[in-house]
Amino acid sequence: MNQQTEDDHKASFLSHLQELRKRLIFCIITVAVAFTVTYNFKEKVLEFLMVPFVTVMPSGSSFVFTALTEAFITYFKISVVTALFLSSPIILYHFWRFVSPGLYEKERRYVYPFMFWGSFFFLCGMAFSYFIVMPHLFRFFVGYSSGFITPMPSLKSYTSLILKILAFFGIVFEMPLVAYYLSKAGIITSKTMTEKRKYAILAVFIVSAVFVATDAVSLIMVALPLWGLYEMSILITRMFGKAKKEIIDESP
């Protein structure tokens with residue numbers, strides 16, 4: 001009997017590995033196909049990423065590369081990131097298909113809304129950083145140029161910086177969505193978030209000053225929207241979160 005159970009577990013484990021392998025192959029093929037497309041548009045993508053700096057670039061400035069392979073690596077990196085971004089819906093779908101058999105029906109109902117709103121808030125964060133934060137940020141840095149100092153950013157450093165900023169704001173803008181699901185699970189409540197508001201505001205200004213802001217104006221431009229996201233998260237937990245009594249009643 002024990003041998004039979006052990007064989008069943010082994011067969012189940014191998015079946016899961018085969019399923020995971022199949023899903024990974026699908027994802028790799030999807031990214032590879034997307035890469036063949038994005039690499040053909042690498043110049044257009046790079047030009048789009050350069051716009052926030054080009055709009056404030058003084059005359060005589062230009063992008064440079066100091067290593068023979070830097071331009072190629074930059075184009076390759078941008079193409080891979082863009083391919084992953086375009087392939088993310090399919091990757092998330094295969095991830096969902098892999099984990100869904102182990103979820104309850106109640107848990108499955110939250111997956112598709114999570115994927116939709118997660119993508120929506122991530123795009124909102126990227127758009128906010130691209131159209132609002134970056135132009136002011138780069139204008140501040142360019143302000144240090146003079147007749148003796150001309151900004152000549154390298155492709156590698158610029159693309160690394162802008163991709164990090166886009167990812168940072170995309171992740172931060174997920175705050176309301178995370179608050180919604182944590183409150184539905186009873187992990188956080190609006191009362192707790194309200195009580196911790198002053199610490200959250202302090203953290204928002206510290207994070208803004210350390211990672212993005214360069215002066216008082218940019219600090220306010222970055223910190224106020226993040227503060228607004230926190231207030232939105234409080235409102236969401238108040239509207240959709242579980243009351244303390246519900247959490248106690250559902251506990252074993």
Side-chain angles (χ1 to χ4, degrees), residues 31 34-35 37-88 118-175 203-229:
V31 174
F35 176 80
V37 176
T38 57
Y39 191 78
N40 290 321
F41 293 92
K42 57 185 183 298
E43 291 90 355
K44 295 293 184 182
V45 177
L46 183 58
E47 288 176 10
F48 177 77
L49 294 176
M50 287 179 173
V51 168
F53 184 80
V54 171
T55 54
V56 299
M57 181 187 291
S59 59
S61 297
S62 64
F63 289 92
V64 298
F65 62 93
T66 57
L68 290 177
T69 59
E70 185 173 336
F72 168 75
I73 292 175
T74 299
Y75 279 127
F76 184 84
K77 179 179 180 180
I78 289 173
S79 300
V80 170
V81 172
T82 309
L84 286 171
F85 178 76
L86 294 178
S87 305
S88 58
S119 302
F120 173 77
F121 282 116
F122 193 86
L123 290 173
C124 286
M126 293 176 66
F128 174 77
S129 64
Y130 183 85
F131 292 106
I132 297 178
V133 175
M134 290 182 193
H136 187 83
L137 183 69
F138 295 146
R139 188 177 294 111
F140 173 83
F141 287 130
V142 168
Y144 284 95
S145 62
S146 65
F148 300 98
I149 305 174
T150 302
M152 295 284 187
S154 71
L155 288 174
K156 180 180 178 180
S157 61
Y158 178 80
T159 53
S160 295
L161 174 63
I162 200 168
L163 290 176
K164 287 177 182 177
I165 294 175
L166 289 171
F168 171 78
F169 279 94
I171 293 171
V172 169
F173 268 62
E174 300 287 346
M175 189 189 307
V204 161
F205 276 89
I206 291 175
V207 170
S208 300
V210 171
F211 291 99
V212 182
T214 53
D215 58 2
V217 177
S218 61
L219 177 63
I220 294 173
M221 288 177 60
V222 174
L224 287 184
L226 298 186
W227 182 2
L229 287 172

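Scope of the values below: all heavy atoms of this structure, side chains included, with no hydrogens, waters or symmetry mates.
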Exercise. Can you check whether Tyr75 reaches Val45 side chain to side chain, under 4.5 Å on heavy atoms?
Worked result: no

Exercise. Does Val207 reach the side chain of Val172, with side-chain heavy atoms less than 4.5 Å apart?
Worked result: no

Seminar exercise, completed: What one should report as the nearest heavy-atom pair of Ser79 and Lys42 is OG-CB, 3.8 Å

Seminar exercise, completed: Distance col, row Arg139:CZ vs Leu137:CG, nearest 0.5 angstrom, shows 10.5 Å

Problem set entry | Residue pair Glu70 / Ser154: nearest heavy atoms and the distance that separates them | OE2-CB, 3.3 Å

Exercise. Any idea how Phe128 and Phe173 line up, ring-wise: parallel (<30°), tilted (30 to 60°), or perpendicular (>60°)?
Worked result: tilted

Exercise. Do the rings of Tyr158 and Phe138 sit parallel, tilted or perpendicular, given the 30° and 60° boundaries?
Worked result: tilted

Problem set entry | Within 6.0 Å of NZ in Lys156, more than 12 heavy atoms from elsewhere | no

Problem set entry | Pairwise side-chain contact, Pro151 with Phe141, heavy-atom cut-off 4.5 Å (strictly under) | no

Exercise. Do you know which two heavy atoms are closest between Ser87 and Ala34, and how far apart they sit?
Worked result: OG-CB, 3.4 Å

Problem set entry | Within-4.5 Å side-chain heavy-atom neighbours: Met134 and Leu166 | yes

Problem set entry | Minimum-distance pair of heavy atoms, taken over all atoms of Val142 and Val56 | CG1-O, 3.5 Å

For this session: Work out which heavy atom in Phe169 is nearest to a heavy atom in Ser129; give both atom names and the distance.
Result: CD1-CB, 3.4 Å

